[in-house]
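Structure record follows, encoded as structure tokens.
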Amino acid sequence: MFWLSLCFCLTVYRFDYKPKKVKVELDKKAKKRKYEYGDDEDEEDVKHKKKSKDKKAAEGKKAKKEGEDKWKWWEEERYTDGSKWRFLEHKGPVFAPAYEPLPEKVKFYYNGKIKFVFLEVATFFAKMLDHEYTTKDIFRKNFYKDWRKEMTSEEKSIITDLKKCDFSEMNEYFKAQSEARKQMSKEEKQKIKEENERLLSEYGFCIMDNHRERIGNFRIEPPGLFRGRGDHPKMGMLKRRIRPEDVIINCSKDSKHPKPPPGTKWKEVRHDNKVTWLASWTENIQGSIKYIMLNPSSRIKGEKDWQKYETARRLKKCVDRIRTQYREDWKSKEMRIRQRAVALYFIDKLALRAGNEKEEGETADTVGCCSLRVEHIKLFPKMDEQEYVVEFDFLGKDSIRYYNKIPVEKRVFKNLQLFLENKQPEDDLFDRLNTSILNKHLQELMDGLTAKVFRTYNASITLQQQLKELTCCDDSIPAKLLSYNRANRAVAILCNHQRAPPKTFEKSMQNLQTKIDEKQNQLSAARKQLKAAKANHKASHDDKSKKAVEVKRKAVQRIEEQLMKLQMQATDREENKQIALGTSKLNYLDPRISVMGKKRKKKKLLKNLNVPKKILSLGVLFFFFFL
DNA sequence: CTGTCGACTTGAGTAAACGATT
DNA sequence: AATCGTTTACTCAAGTCGACAG
């Protein structure tokens, strides 16, 4: 896919391709085109293929084998009636493998002696023994409660204390199993791989409006213990097994409906083309609905993604107006308008999330902008050299801590002081505001504008500015890479995308350092040799010694380059310790910016940038600035 | 206006694949 | 070919946001 897209992109670039609107009547198209891949090759495609024939020939085989579709959905008309598709056919989800009882010899002990043969629930806990979760009180309590529900009355009467349960033998067994899996022979591994591929090709694709599209998650989530993030009150609860009777299937009437496994029934089969999902079920922990939907490379997801960036680009055009307005609103007579304006300022400046209110006790206590509480900010009229500093400290999405100290404008500061008056730490900072009020207001300012658009917009604009600032045309490739990553990092910092420092971080850093040291030694050695060669040349003045000097000079140069590359890597890695780049790359950065900035640098750079596949398959075709 | 639900996006963590290096 | 480290692909939890009922 990567290479296909890459050469596609190069081809397109080279021949100054202009995306052409293709108007197709959908129903007609349905007749004309067959369902199988490869049939829908239009003239454009053929033309391109010819122009880059040799290249394509090399990649062609691979592409065919992978069954990639060259369909350019972005050139087609969208549905305007709110429907998402006309035709949808799929084979239904793949269910989790049935529970295999443990072998008799694997024992569980209670209070050091009594052994049992156990239910699946117990194995879930046994599998997690090494995980920190199993030491947490809430986790244990929730698990134990749900476990008891599943016990026989005999077990119930004997097992009364989780502390006296010894799962270690079961745990050993699972570990040994996963070890055995790793040690499997090549052939066995190959077999499993093939089986997976078969499953993928059978269940991993659907047909939506005449195209074979990849499904994102065609496997139903297996049962297990719920792992919430942060201090989740429900962690450890049993996530029950989903049966066909729980699943609602969505497909078109005129399609071949998926068959439930023998002896079972679907909960329902519906034909709702106003939604994009293929199957859904209700999960038992929060009672929320889970869906089976298409892969990001599909038309339906890609269109949405593309629209998202378009909205952000529209915001670009009127952001100044909006900013002027909210600054004006800081002076409003009405408290709710002031609150709205200050909240919007934070969302815009700090890329905070909207912050919907959540049901207390159902989830971890996290907040976003509108749900900030008094306890989450501190005001400092003066701090170091700066005036009017606000300190934020709260847990955001996924219980990731947001900590930031920023100087704000005086008016904002005064407003915040006003909002804090007569409030307890646990009171809402913006008591007259919620996300729906805010979004309604935003909608009035610009069609399609909501709080999250600011995140997309600010992420994209930051990337672009950073790239402009950091890169310079004749940088070497490693230097360019470093600056791209730095720009990307600036975005990740803005969006507060964090990660736990990799477990192997220290060690790998050390390894890199030793490499650098070695290179340095090599370099000084090479320099000495060069010097010697020069001296030799001076003495003898013959051709041979001259050549030797050249050779040595080249060697020094090469080593210098290598050293620089290593040092760049080290800086990059160090700076990247706690920052996750993937998310912003995937969800916030308009692909066109990456492509724009780098288009001249061809293959190698593009490859090293690690532009996500999804982006390569869509965005690469458009060459224009975000600005 | 408030609360709930449904659909869909965003996000961190993890396992597997990959690819460069020794 | 073994190792190491990175990247990708999955997984599934946790958000956003609009619709709708009362």
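Owing to the predicted nature of the structure, the values given are computational and were not obtained by experimental measurement. Order of the sequence lines sets the chain letters (A, B, ...), proteins ahead of strands, with each chain counted from 1.
Within the 4.0 angstrom heavy-atom criterion, only backbone atoms of the sugar-phosphate kind lie near A:Gly396; the bases stay farther away. Contacts of A:Phe226 with the nucleic acid, taken as non-hydrogen atoms under 4.0 Å apart, involve only primed sugar atoms and P, OP1 or OP2. No engagement by A:Thr363 is indicated, since no non-hydrogen atom pair under 4.0 Å with the nucleic acid exists. Within 4.0 Å (heavy atoms only), A:Gly368 reaches no atom of the nucleic acid at all. Here A:Ser436 lies out of heavy-atom contact (under 4.0 Å) with every strand.
Because its NZ or CZ atom is not both nearer than 6.0 Å to the ring centre of A:Phe139 and within 45° of the ring axis, A:Lys136 does not count as a cation-pi partner of that residue.
Two residues, A:Met509 and A:Asn295, neighbour DNA chain C, and the one matched to the more 5' nucleotide by heavy-atom proximity is A:Met509. Nearest-nucleotide assignment on DNA chain C puts the 5′-proximal partner with A:Asn217, out of A:Asn217 and A:Ser399.
Listed candidates were C:dA13, B:dG6, B:dT9. Nearest to the side chain of A:Glu221 is C:dA13. Nearest nucleotide to the A:Arg455 side chain, out of B:dC8, B:dG11, B:dG13: B:dG11.
For the pair A:Lys267/A:Asp246, no side-chain contact is recorded, criterion being any heavy-atom separation below 4.5 Å from C-beta on. Residues A:Tyr309 and A:Thr311 have side chains not in contact (no heavy-atom distance under 4.5 Å, counting atoms from C-beta outward). Between A:His376 and A:Val367, some side-chain heavy-atom pair lies under the 4.5 Å cut-off.
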Protein and nucleotides 15-17 of chain B: nitrogen or oxygen contacts under 3.5 angstrom:
none

What N/O pairs connect the protein and nucleotides 17-20 of chain C at under 3.5 Å? Give each pair on its own line.
{"from": "C:dC17", "atom 1": "OP1", "to": "A:Thr450", "atom 2": "OG1", "distance (Å)": "2.7"}
{"from": "C:dC17", "atom 1": "OP1", "to": "A:Ala451", "atom 2": "N", "distance (Å)": "3.2"}
{"from": "C:dC17", "atom 1": "OP1", "to": "A:Lys452", "atom 2": "N", "distance (Å)": "2.9"}
{"from": "C:dC17", "atom 1": "OP2", "to": "A:Asn439", "atom 2": "ND2", "distance (Å)": "3.1"}
{"from": "C:dC17", "atom 1": "O5'", "to": "A:Asn439", "atom 2": "ND2", "distance (Å)": "3.4"}

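Taking a cutoff of 4.0 Å between a charged side-chain nitrogen and a carboxylate oxygen, A:Arg86 and A:Asp209 do not qualify as a salt bridge. Salt-bridge annotation for A:Glu283 and A:Lys239: absent, with no side-chain N of the basic residue lying under 4.0 Å from a carboxylate O of the acidic one.
Checking the phosphate oxygens (OP1, OP2) of C:dC10, a side-chain nitrogen or oxygen of A:Arg214 falls inside 4.0 Å.
Straight-line distance from the CG atom of A:Leu433 to the C1' atom of B:dC1: 14 Å, rounded to whole Å. One interatomic measurement links the two molecules: CG of A:Leu372 to P of C:dG15, which rounds to 13 Å at whole-angstrom precision. Atom CD of A:Gln307 is separated from atom C1' of B:dC8 by 13 Å (rounded to the nearest Å). One interatomic measurement links the two molecules: CD of A:Gln286 to P of B:dG6, which rounds to 15 Å at whole-angstrom precision. Look at CH2 on A:Trp306: it is 20 Å from P on B:dC8, rounded to the nearest Å. As a whole-Å value, the separation of A:Arg270 CZ from B:dA7 P is 7 Å. The nearest whole Å value for the distance from the NZ atom in A:Lys358 to the C1' atom in C:dA13 is 11 Å.
The overall bend of the helix from B:dC1-C:dG22 to B:dT22-C:dA1, read as the angle between its terminal helix axes built from five base pairs each, is 10° when rounded to 10 degrees.
Checked by distance alone, A:Lys397 brings a side-chain donor or acceptor within 3.5 Å of a matching partner on the base of B:dT10.
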